[in-house]
Amino acid sequence: MSTLANPAKPIRALSSAEKARTPVSMAKTDLGESVVVSRYEDEIWDFWPYIPQNNARDSEKRINWRIEIAPGEFLTDHQHAPLLESTKDFTWSLFIDPIDGRQRPRMATVIAHVVALTPLLRWMASRGMRQFRDIEGRALEYVPIAKINQRTGKPTAKGWHARRLIVLEELYLQREKLADALPTHPWPDESGFTLSGERAKGRTIKTLRIPERTVRQLAEVAINYVTNLAPHILSTRDALEQAVANKEGFQATNIRIPLARELGFEGSRDLSAELSYLRDSCYIVIAMFSGIRDSETLSLKRGCIAHDKADDGIDLIWLHGTIFKTGIKPHKWLVPPIVETAVRVMEWYRQPYAIQIEEQISQFEQQLDMSIPGSTFHKRQLKRLHTARKDRDGLFLGCAPCVGHLVGVLSKSTIHRRLQNFCPHFNILGDDGKYWRLSSHQFRRTYAYFVASAELGDLHYLREHFGHWSIDMTLLYTSGASDAYQTDTDLLTEILRSKTEKQESVLHNYLMTDAPLANGDIMLADLRQTIKTAKNKQSLLQQISSSITLNGTGHSWCIGNAKGTSCGGLCVFEADMCVDCAYGMIGPEHLPVWKEIALQQQTALDMSDLGLPGKTRSQRILNKALDVIAKLEIPQ
DNA sequence: ACGGCTCAGCACTTGTTTCG
DNA sequence: CGAAACAAGTGCTGAGCCGT
């Protein structure tokens, strides 16, 4: 990766000519030579060499200084030259000479600062201010302006007001490093946060968890594509491709369409739509059953699946990838077999694109050889070469129709749009009866919830896919990997959080209501009473919840195992043990299970060939089950 | 062989989660 | 808790595929 020379002189000490030629971003060629990508004087500061994320687009990796600061007027216009220079100075200073006490920001953050600064520039233009120092004494006028969303005229989203105001404070903090800045604090007795009235407290997680019913529908569709439809769709694609090789125009069309119809599709268009849904399904399966983030999914490469044997001989499947949050680190995730299937399908899916991208790479290499270093063409092809090389092993390859058919890893906005379209197309609904609005991060939360459910033993759906975690994988995760790949401990934290939440809600039902109990009433009676009279019920509930560990057996909740007391977990196999156990709780949610148990034992008893010991056992279990059912069915 | 349509990127903005 | 990083959303564009 490229490095920037740390200038010996601070920005304000540079002459205009010196400053103009200063590189702000650089890249390396194959020969190891550094090539300047952007200079201070450029209209666009392109930071592509510094932002590795595959899921970000080029446009998110650069600053375009041609900001429209008034209708028809741009920051790059001649009359705004001083303001442009001040803005560039400030922006560049944030990176090259960070605010005292702060770490050097990532380039993406620097770009975000410019975004937050834009409304200020517009306001300044509208007031005829040409320099930041003109703001002095008038900063408070800007406060209400900064609260308004420029596009809609409505108040800005939470956090943005503060973010826009904080930029002014930073203009003050950097004052000694800049020729033009805020000489005095914009609001001496306040901070951007207090001014905006947006305290950072009380943050809650907003990303929705996909409801169970919706997950089931989604999983059904996606798994069907990945396991059943994939071979047909992909082999048809390949067959068509082969049949039209070396043919063009209508000749190709005349072959393609009848063949597609012959193979069970409505036409060529239908086939490509199905191909896209197949790709969406792979994305969904991978995200849903591995819990990885969007940026991580899109950075997956071919061959990212590895097998491994646990000590007890269980086959483990690892998904290898990269985590970008706070630096680029190789990571691995434990995944169920369906994820491997989806990766294999994508490896097939990407093959034609892989061939194309290799062709593009050699084309770029040739063009680079023949062009003049430093020319715009040379720069552009250098960038395309770097990008293509980075993407050449990518799993989620696609093709951009409007940029010269460049092949590369799909962007997050494409994935996002495709996900939004997925539920309506397959008629997948949320609990409110409307189409579920799917987005990429929901999968992470949903995954954590389902894994927690699997661990608590009350997972109803998709058990075989989430259950792979239940064999106490926590140990495997934390005891660490021996290879270069780290495990994703954040995901583990997420799962634990989900588990705690679930446990709390289970206890909530037991303690806050008078739901009938078949067992556990003695243990809970006191607690129920305490809770009823407690002032702060919620915090008491949390306190109780954090002091015990629930284990789901399917037919009861067991709080005994963790303490090494009671049955030691045998109740998982011998349901009737829980009925009298001091550490068991049996409530309304277990009623169907107990009915099933009763039915089974009755059937067993009806069979004549059951020996006496067997009969005794069945009778014992049946009696207890009937007892449980009777208690749970008492009208409240 | 031509008009409609689709799909993915671009540009810009807002929103959310996690790090130190 | 503030800063940083990551994610989502939307109008627009246009190349070129698709199918009559």
Side-chain angles (χ1 to χ4, degrees), chain A residues 44 51 53 55-64 66-68 94 98-99 101-116 118-119 149-152 154-164 166 169-170 191-193 198-208 244 248-250 252-254 256-258 260-261 266-273 275-276 279 293-296 298 323-327 397-421 437-445 490 493-494 497:
Chain A
I44 287 173
I51 304 177
Q53 279 86 336
N55 66 338
R57 286 277 44 114
D58 282 355
S59 61
E60 298 170 82
K61 301 183 178 182
R62 60 181 176 233
I63 299 172
N64 183 356
R66 196 163 181 275
I67 298 169
E68 190 167 22
L94 289 173
I99 295 170
R102 287 197 202 163
Q103 64 169 349
R104 171 158 297 162
R106 304 286 160 82
M107 279 308 181
T109 307
V110 174
I111 296 170
H113 271 82
V114 177
V115 173
T118 306
N149 175 334
Q150 299 159 60
R151 204 155 53 176
T152 62
K154 291 190 287 193
T156 59
K158 191 172 182 310
W160 274 95
H161 193 203
R163 240 184 282 186
R164 288 171 174 178
I166 284 167
E169 289 171 29
E170 291 172 343
S191 78
F193 260 100
E198 293 166 357
R199 304 299 315 170
K201 68 180 173 187
R203 277 176 299 196
T204 50
I205 297 167
K206 294 255 180 74
T207 303
L208 296 169
V244 303
E248 282 179 8
F250 72 94
T253 312
N254 288 344
R256 197 186 279 121
I257 296 168
R261 287 179 180 158
E266 283 171 27
S268 197
R269 194 167 270 167
D270 179 40
L271 174 64
S272 57
L275 275 163
S276 296
R279 193 182 61 195
R293 298 182 183 92
D294 175 64
S295 59
E296 291 148 14
L298 289 177
I323 286 186
F324 289 98
K325 194 128 189 156
T326 62
L397 291 184
C399 174
C402 60
V403 276
H405 263 241
L406 288 185
V407 175
V409 172
L410 295 174
S411 74
K412 65 176 178 212
S413 71
T414 298
I415 292 293
H416 176 243
R417 218 177 299 219
R418 302 265 343 156
L419 288 179
Q420 296 266 290
N421 167 47
R437 274 179 82 87
L438 201 56
S439 71
S440 57
H441 210 63
Q442 289 168 0
F443 290 116
R444 193 173 169 84
R445 286 213 67 208
D490 290 347
T493 314
E494 190 84 17
R497 182 158 72 190

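Chain identifiers are assigned alphabetically (A, B, ...) following the order of the sequence lines, protein sequences preceding nucleic acid strands; residue numbering begins at 1 within each chain.
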Colleague: Going by side chain to side chain donor-acceptor pair (under 3.5 Å), name the residues that satisfy it together with Arg66(A), two or more places apart in sequence or in a different chain.
Modeller: none

Colleague: Out of dT20(C), dT10(C), dC6(C), which has the shortest distance to the side chain of Arg437(A)?
Modeller: dT10(C)

Colleague: Of the options dA7(C), dG9(B), dG4(B), whose atoms approach the side-chain atoms of Arg269(A) most closely?
Modeller: dG4(B)

Colleague: What's Gly398(A) touching, base or sugar-phosphate or nothing? Going by heavy atoms closer than 4.0 Å.
Modeller: nothing

Colleague: Could you tell me which non-hydrogen atom of Val409(A) sits nearest to which non-hydrogen atom of Leu298(A), and how far apart they are?
Modeller: CG1-O, 3.3 Å

Colleague: Establish, with yes or no, whether the OP1 or OP2 oxygen of dA8(B) is under 4.0 angstrom from a side-chain nitrogen or oxygen of Ser411(A).
Modeller: no

Colleague: Name the closest nucleotide to the Arg62(A) side chain, picking from dT14(B), dG9(B), dA11(B).
Modeller: dA11(B)

Colleague: Report yes if at least one side-chain N or O of Ser268(A) is closer than 4.0 Å to OP1 or OP2 of dC18(C); otherwise report no.
Modeller: yes

Colleague: Give the minimum heavy-atom separation between Arg261(A) and Glu266(A), together with the two atoms involved.
Modeller: NE-O, 2.9 Å

Colleague: What contact category does Arg66(A) fall into here, base, sugar-phosphate, or nothing, at under 4.0 angstrom with non-hydrogen atoms?
Modeller: nothing

Colleague: Would you indicate which nucleotide in dC6(C), dG9(B), dC18(C) comes nearest to any side-chain atom of Leu410(A)?
Modeller: dG9(B)

Colleague: Would you tell me if any nitrogen or oxygen in the side chain of Arg417(A) comes within less than 4.0 Å of OP1 or OP2 on dC12(C)?
Modeller: no

Colleague: To the nearest 0.5 Å, what is the distance between CZ (Phe443(A)) and CG (Asp294(A))?
Modeller: 10.5 Å

Colleague: In terms of side-chain heavy atoms of Ile257(A), which of dA4(C), dA7(C), dG19(C) is nearest?
Modeller: dG19(C)

